[in-house]
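Notes to accompany the following structure.
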Amino acid sequence: MEQKTPLQTLPEASPKPSKKSFVTSLMSPRNPSFQEDTYLVSNLKSSEKKALQELKDKLSASDSASAAMWGIPLLGNDEKADVVLLKFLRARDFRVPDSFAMITKCLAWRKEFGADGVVEEDLGFKELEGVVAYMHGYDKQGHPVCYNAYGVFKDKEMYERIFGDDEKLKKFLRWRVQVLERGINALHFKPGGINSIIQVTDLKDMPKRELRVASNQILSLFQDNYPEMVARKIFINVPWYFSVLYSMFSPFLTQRTKSKFVIAKEGNVAETLYKFIRPEDVPVQHGGLSRPSDAQNGPPKPASEFTVKGGEKVNIQIEGIEADATITWDIVVGGWDLEYTAEFVPSAEGSYTIQVEKPRKVMPSEEAIHNSFTPREAGKMVFSVDNSASRRKKVAAYRYIVRRSAPV
C-alpha cells in the first residue's frame with residue numbers, strides 16, 4: 001500500500017504546457033492534436049484514391065514495376081504497398097508526377113547506397129551507440145522512439161575522429177541511416193497500425209556551427225528518402241540561439257514536417273517527454289527511469305506519475321513492508337533542484353526511524369535515483385521530495401518492487 005501526503009493522495013497527472021517563449025511560438029504546431037495518416041484507403045478523398053491509382057499505373061508502366069522498399073513490393077496490390085505509396089503521395093500533397101519522381105529518386109538512392117543491407121553492417125561506431133543516435137522503447141501510442149544527442153561532439157578530438165574529412169562524414173551518415181532503418185524495421189506498414197517513429201533530439205551542448213554540414217545532409221537525406229516516417233519530432237534542452245539554428249535548416253523542411261515539431265526548453269524536458277512517452281520508457285539521461293540494464297529484466301515495470309507544486313513537500317509512503325523483505329525503487333523529479341530523502345519507519349512502537357538516504361539537494365542535471373533497502377523489522381518506506389524553495393511546479397515519477405525473503 002502506498003500513500004502520498006501532505007493533505008491527500010496526489011493523482012497521476014499529465015503536466016500542463018508551460019508558457020510559450022518566442023522560439024516555442026515559432027516552432028509549435030498550429031494544430032496541437034496533429035494525427036498521422038491512418039493509411040486506410042476507405043478514408044481517402046475521391047481525388048486521393050484517384051491519385052493512388054494513377055501512381056500505381058505510372059509505376060506499372062515504368063522500369064520500377066518490380067521494385068520494392070523495406071521488403072515490400074510497390075505493386076504488390078496489398079495494404080502494405082498502399083501504405084508505402086501513400087507516404088510518398090502525402091509528402092508531395094498527392095501530386096502524382098512529383099510523388100513518382102520522388103519514388104524513382106529514392107529507389108536509385110537506395111540501390112546506390114545499399115540501404116537494404118545497411119542494418120547488418122558493422123560500421124565501427126560502438127562508442128556512439130546508445131549516446132548519439134539509438135532506438136529506445138516506445139511512446140504511449142506504440143511508436144518506436146529514436147533518440148539523438150550530439151553534445152559529445154563539443155569535444156574537438158571526438159569531432160575530428162568522426163567528422164574529420166569527407167570519408168568520415170560519409171561513414172557517419174551511413175551509420176545514421178542504419179539507426180533509422182532499424183527503427184523502420186519495427187513498423188507495421190499496415191493501415192491503422194504503427195507506421196512511423198518518434199524522434200527526440202537533445203540540443204544540449206550541440207556545437208551548432210561545426211555540425212552544420214552534417215545536420216543539413218542528414219535532414220536532406222531523410223526528407224528525400226524517408227517520407228512520413230516520423231510522426232513527431234521533439235527537441236529538448238533547446239538553447240536561446242535555437243531560432244538561429246532553426247533558420248539554418250528550415251529551408252530543408254516541408255511545412256508538414258515543421259507541423260510535427262515539439263519544443264522543450266532546458267528544465268522542461270521531463271514535462272514535455274511525459275506527455276508522449278511514459279517515464280519508465282524515457283532514458284535516465286533525459287529525465288526518465290529507463291536504464292540500459294532494464295532490458296535484461298523483461299518489459300519495464302510501470303511507473304506512477306505525480307506533480308510537486310511550488311512551495312510543496314510531498315511524501316510517498318510504501319506501507320506493509322515485511323521484515324527481511326527488500327524494497328527496490330526508482331524516483332525522479334524533472335529538473336530536480338530540490339531536497340530528497342528516504343526513511344524507513346518501523347511499525348513497532350519504540351523502534352527508531354532509519355534514515356536510508358540522508359536529506360540532500362539533488363542537482364538539476366542528476367539522473368533518477370535507484371536504490372534498495374532490506375529492513376530487519378516490518379514497517380514502511382517514506383520518500384520525501386521538498387520543493388519548498390521553488391515556486392515552480394515539477395513533474396515526477398517513481399516505481400518500486402518489494403521482494404520477500406526466501407524461506408529458510
Side-chain angles (χ1 to χ4, degrees), residues 1-15 137-138 140 270 274 277-285 287-309 312-334 336 338-363 366-388 394-408:
M1 182 178 178
E2 57 188 280
Q3 297 179 348
K4 307 184 191 75
T5 56
L7 298 178
Q8 59 183 4
T9 300
L10 287 175
E12 290 188 13
S14 298
Y138 302 85
K140 293 178 180 179
Y274 288 6
I277 309 167
R278 288 197 55 80
E280 65 268 21
D281 289 317
V282 176
V284 289
Q285 61 267 36
L289 299 175
S290 181
R291 302 173 189 276
S293 57
D294 292 348
Q296 303 170 8
N297 303 317
K301 178 178 172 55
S304 297
E305 296 179 48
F306 64 100
T307 57
V308 188
K309 297 177 182 177
E312 180 183 50
K313 179 179 180 180
V314 174
N315 294 327
I316 299 171
Q317 301 186 42
I318 313 298
E319 299 183 342
I321 301 174
E322 299 176 359
D324 297 319
T326 299
I327 178 171
T328 301
W329 67 91
D330 298 276
I331 186 168
V332 67
V333 179
W336 287 97
L338 47 67
E339 191 172 272
Y340 161 80
T341 186
E343 297 178 333
F344 179 77
V345 183
S347 301
E349 291 186 18
S351 293
Y352 293 100
T353 295
I354 300 172
Q355 205 164 69
V356 179
E357 293 184 280
K358 295 180 180 180
R360 71 178 182 90
K361 184 171 183 179
V362 186
M363 303 307 291
E366 289 192 51
E367 296 179 353
I369 289 172
H370 175 78
N371 206 347
S372 61
F373 179 68
T374 305
R376 297 307 172 199
E377 55 185 319
K380 65 181 179 181
M381 282 293 303
V382 180
F383 308 112
S384 299
V385 286
D386 189 349
N387 197 33
S388 300
K394 299 171 183 177
V395 299
Y398 73 98
R399 62 182 175 182
Y400 70 93
I401 186 169
V402 178
R403 292 186 174 89
R404 297 178 180 178
S405 59
V408 179

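Contact annotation: the side chain of Glu312 never approaches that of Val385 to less than 4.5 Å [non-hydrogen atoms, C-beta and beyond]. Annotation: side chain of Phe383 is in contact with side chain of Ile318 (closest heavy-atom distance under 4.5 Å). Annotation: side chain of Asp330 is in contact with side chain of Arg291 (closest heavy-atom distance under 4.5 Å). Asp324 has its side chain within reach of Arg376: a pair of non-hydrogen atoms, C-beta onward, lies under 4.5 Å apart. A heavy-atom distance below 4.5 Å is not found between the side chains of Pro300 and Asp294. A heavy-atom distance below 4.5 Å is found between the side chains of Val356 and Trp329. The shortest side-chain heavy-atom distance between Leu338 and Asp386 does not fall under the 4.5 Å cut-off. Residues Ile316 and Phe306 have side chains in contact (heavy-atom distance under 4.5 Å, counting atoms from C-beta outward).
With no hydrogens or angles considered, a side-chain donor-acceptor pair links Ser384 and Asn315 at under 3.5 Å.
Contact record, Lys140 with Glu305: NZ-OE2, 4.4 Å, taken as the closest heavy-atom pair. In this structure, Ala325 and Arg404 approach most closely via the heavy-atom pair CB-CA, 4.0 Å.
In terms of modelled atom types and a separation under 3.5 Å, the side chain of Arg399 and the main chain of Leu289 share a donor-acceptor contact. A distance-only check finds a donor-acceptor pair linking the side chain of Arg278 to the backbone of Ala303 [under 3.5 Å]. Between the side chain of Tyr274 and the backbone N or O of Val282, no donor-acceptor pair lies under 3.5 Å. Checked by atom type and distance alone, the side chain of Lys394 pairs as donor or acceptor with a backbone atom of Trp336 at under 3.5 Å.
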inquiry  = Using the rule given for side-chain contact (heavy atoms from CB on, under 4.5 Å), can you reason through Ile354 versus Phe373, listing the C-alpha separation, both sets of side-chain angles and the distance that settles it, and then say yes or no?
reply    = CA-CA 11 Å; Ile354 300 172; Phe373 179 68; 4.1 Å; yes
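From Glu343, atom CD reaches atom CE of Met381 across 8.5 Å, with rounding to the nearest 0.5 Å.
Other residues, nucleotides and ligands place no more than 12 heavy atoms under 6.0 Å from the OH atom of Tyr138.
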